[in-house]
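Contents: one structure, followed by commentary.
We count ligands from 1, going down the list as the structure has it; atoms in each ligand are counted the same way. One is the number of the first residue; the rest follow in order along the sequence.
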Amino acid sequence: MEEDEEELPKVEFSAFAQALAERIRKNGAITLAEYMDACIPEYYATRNPFGKEGDFTTSPEVSQMFGELIGAWIADLWFQMGSPPKAQIVELGPGNGTLCADLMRALGNWPECRAAMTVHLVENSEGMRRKQAEVLKEYSPAWYDRFEDVPPGTVFLVANEFIDALPIRQYVRKGKKWFEKMVTFNEEKGEFEYVLREEPVELTPPKGYPKPIERDVLEINDLGRAVVENVAKRIRDHGGAALFIDYGLIKPNYGDTMQSYKRHKRVDALRNPGGQDVTADVDFSALVAAAEPYAKVHGPIVQGAFLNALGIDQRAEAICQTATPAQRGLTRLAVRKLTNATDMGAKFKVLGLTMKGADIKPAGFADGDDVSHN
Ligand SMILES: C[S@@+](CC[C@H](N)C(=O)[O-])C[C@H]1O[C@@H](n2cnc3c(N)ncnc32)[C@H](O)[C@@H]1O
């Protein structure tokens, strides 16, 4: 997701938002995680947010090259791992199914690899599942609510813009204490707004965070860490590899990053509950810490470096050979959007996981990019 913040006129609250206000009236303020947990499924259930006409554009929606290069990344690892006869393509939060469709089509270049794969999708929105069923029907995918439900086996897992959609909690530094930020409903103004819990919480910022100062905001994505830890354990036990791609910071730092996008503009995250996406930047250092005890960690590196190393320019030139002049222009524009430092190329980071102790070199990451000591 990209673009800058904008103030929009007040909205008329939906039945969903009114029910949320009622829940707060009855039970009191809710955590940011509870707010995101309630709003995100409602948002995906009631609209298709992707593309020009939607609220935001993700990398697979920018160009087929994104998914194709990830397909080639997976095939290369599958061969390096000795061509296991059965393996699972797992995607977390597949959206429109575009990334999975592009990577599966690319796997068709290596028919024995393609034949070894079954497709497994972790998706909690019924509306999105219906869309994925249409786009991916030739691969007969299976759906799950949570990664833990995916049957045991070697996994090649991809999660693009998934961790940012998982609920976070925020804590604000006041004096020498941390106070949790909550969402309440202001009856006078008729608006949802933030309040701090009166009681402080006992909290030590995770390793790597600077010493906190007044008003610092600490964000914790417990579910994101748990998912990455479980994926790393799966790779330890059954082999395979994973890619987590998202916007966020490589080095941990404080900051309020909860955000919403409406028609490609950043807007107040409490403005229209359930009617707009709510996400937060990913703290990649927390994901590395969650994975490192169980899997070999590669990166995180910026998306531009990853796609360049995988050969996005060569793929673009191959597409351009048989394209119309207009398609050639769009293909080159897509390369710039996905890789330029001023665009998605630096904002998005890529974290890779493989099995510890295995003699495997995932493409796209240089040796010095490995943060793991194993
Ligand atoms: C921003 S979209 C990313 C879509 C796709 N990966 C892409 O790059 O175009 C987030 C996806 O994650 C799904 N999702 C969000 N929270 C989820 C959760 N807790 N469990 C499973 N799926 C979730 C959404 O329904 C949606 O399909």
Side-chain angles (χ1 to χ4, degrees), residues 1-3 32-52 54-71 89-104 119-136 141-150 157-168 221-228 230-231 242-248 258-262 264 266 274 276-282 303 307 334 337-338 344 347-350:
M1 291 180 214
E2 338 93 74
E3 278 96 24
L32 267 51
E34 288 168 327
Y35 178 77
M36 289 174 80
D37 247 350
C39 294
I40 294 172
E42 168 69 11
Y43 174 70
Y44 281 100
T46 50
R47 67 212 71 223
N48 189 332
F50 302 96
K52 255 197 184 137
D55 293 331
F56 51 82
T57 304
T58 59
S59 295
E61 304 291 339
V62 170
S63 167
Q64 66 186 66
M65 292 180 285
F66 187 79
E68 289 170 347
L69 291 171
I70 290 177
I89 297 291
V90 180
E91 188 176 356
L92 309 182
N96 276 341
T98 310
L99 169 53
C100 192
D102 291 339
L103 83 81
M104 288 303 289
V119 174
H120 304 262
L121 307 174
V122 176
E123 173 60 69
N124 70 352
S125 154
E126 277 307 319
M128 286 286 117
R129 283 187 182 199
R130 277 196 293 279
K131 179 77 194 169
Q132 293 151 16
E134 245 172 77
V135 173
L136 298 169
W143 281 269
Y144 312 87
D145 288 333
R146 305 170 322 140
F147 170 71
E148 295 69 53
D149 303 330
V150 176
L157 179 141
V158 188
N160 186 63
E161 291 210 39
F162 173 72
I163 303 286
D164 68 73
L166 300 180
I168 56 149
N221 184 338
D222 280 325
L223 194 52
R225 293 175 188 195
V227 169
V228 170
N230 286 331
V231 171
L243 276 181
F244 291 92
I245 307 172
D246 228 307
Y247 47 87
M258 200 164 101
Q259 56 199 271
S260 277
Y261 279 80
K262 195 79 213 155
H264 301 261
R266 197 165 163 161
Q276 58 193 35
D277 195 22
V278 192
T279 64
D281 283 4
V282 171
Q303 175 170 296
L307 294 178
K337 189 160 185 58
L338 291 172
M344 299 170 101
K347 186 173 176 183
F348 282 77
K349 316 295 185 310
V350 183

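- Contacts with ligand 1 closer than 4.0 Å are made by no heavy atom of Asp277, backbone or side chain.
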Yes or no on side chain to side chain donor-acceptor pair (under 3.5 Å) for Tyr43 and Ser125, after CA distance, side-chain angles and deciding distance? CA-CA 9 Å; Tyr43 174 70; Ser125 154; over 6 Å; no
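- For the 3.5 Å distance criterion, the side chains of Asp102 and Gln64 fail to qualify, holding no donor opposite an acceptor.
- Of all the heavy atoms of Asn124, the ones lying under 4.0 Å from any atom of ligand 1 are found in both the backbone and the side chain.
- Residue Met128 touches ligand 1 through its side chain alone, judged by heavy-atom distances below 4.0 Å.
- Looking at Arg146 against ligand 1, nothing comes within 4.0 Å, counting heavy atoms.
- Remark: ligand 1 and Ser125 share no N or O pair separated by less than 3.5 Å (distance only, no angle test).
- Remark: among candidates Tyr44, Tyr43, Tyr261, Phe162, the nearest residue to atom 10 (C) of ligand 1 is Tyr44, based on non-hydrogen atoms.
- In the candidate list Gly93, Pro49, Ala165, Gly93 is nearest to atom 6 (N) of ligand 1, counting heavy atoms.
- Of the polar atoms of Glu161, none of the N or O atoms is found under 3.5 Å from an N or O of ligand 1, judged by distance alone.
- Proximity of Leu166 to ligand 1 is established by a heavy-atom distance of less than 4.0 Å.
- A salt bridge is absent between Lys347 and Asp246; no separation between the charged side-chain nitrogens and carboxylate oxygens falls under 4.0 Å.
- Taking every heavy atom of both residues into account, Leu121 and Pro141 meet most closely at CD1-CB, 3.7 Å.
- At a 3.5 angstrom cut-off on N or O pairs, Gly95 counts as close to ligand 1.
- Taking every heavy atom of Pro60 and a limit of under 4.0 angstrom, the matching atoms of ligand 1 come to 7 (C), 8 (O), 9 (O).
- Listed by number with element, the atoms of ligand 1 under 4.0 angstrom from any heavy atom of Asn160 are 3 (C), 5 (C), 6 (N), 7 (C), 8 (O).
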Walk me through whether Glu61 and Thr98 qualify under side chain to side chain donor-acceptor pair (under 3.5 Å). CA-CA 7 Å; Glu61 304 291 339; Thr98 310; 2.8 Å; yes
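- The aromatic rings of Tyr247 and Phe348 stand perpendicular to each other, their planes meeting at an angle above 60°, with 30° marking the opposite boundary.
- In summary, the aromatic rings of His264 and Phe56 are positioned with their centroids too far apart to meet the 6.0 Å limit.
- Looking only at side-chain heavy atoms (C-beta outward), Ile245 and Ser59 stay at 4.5 Å or farther from each other.
- The distance from ligand 1 to the heavy atoms of Phe50 drops below 4.0 Å at these ligand atoms: 2 (S), 4 (C), 9 (O).
- For ligand 1, the atoms closer than 4.0 angstrom to any heavy atom of Thr58 are 7 (C), 8 (O), 9 (O).
- Of all the atoms in ligand 1, the ones that sit under 4.0 Å from a non-hydrogen atom of Glu91 are 6 (N).
- Checked against His120 for a side-chain contact (heavy atoms from CB on, under 4.5 Å), the options Val90, Asp149, Leu157 give a single hit: Val90.
- At least one donor-acceptor pair under 3.5 Å links the side chain of Ser260 to the backbone N or O of Asp277.
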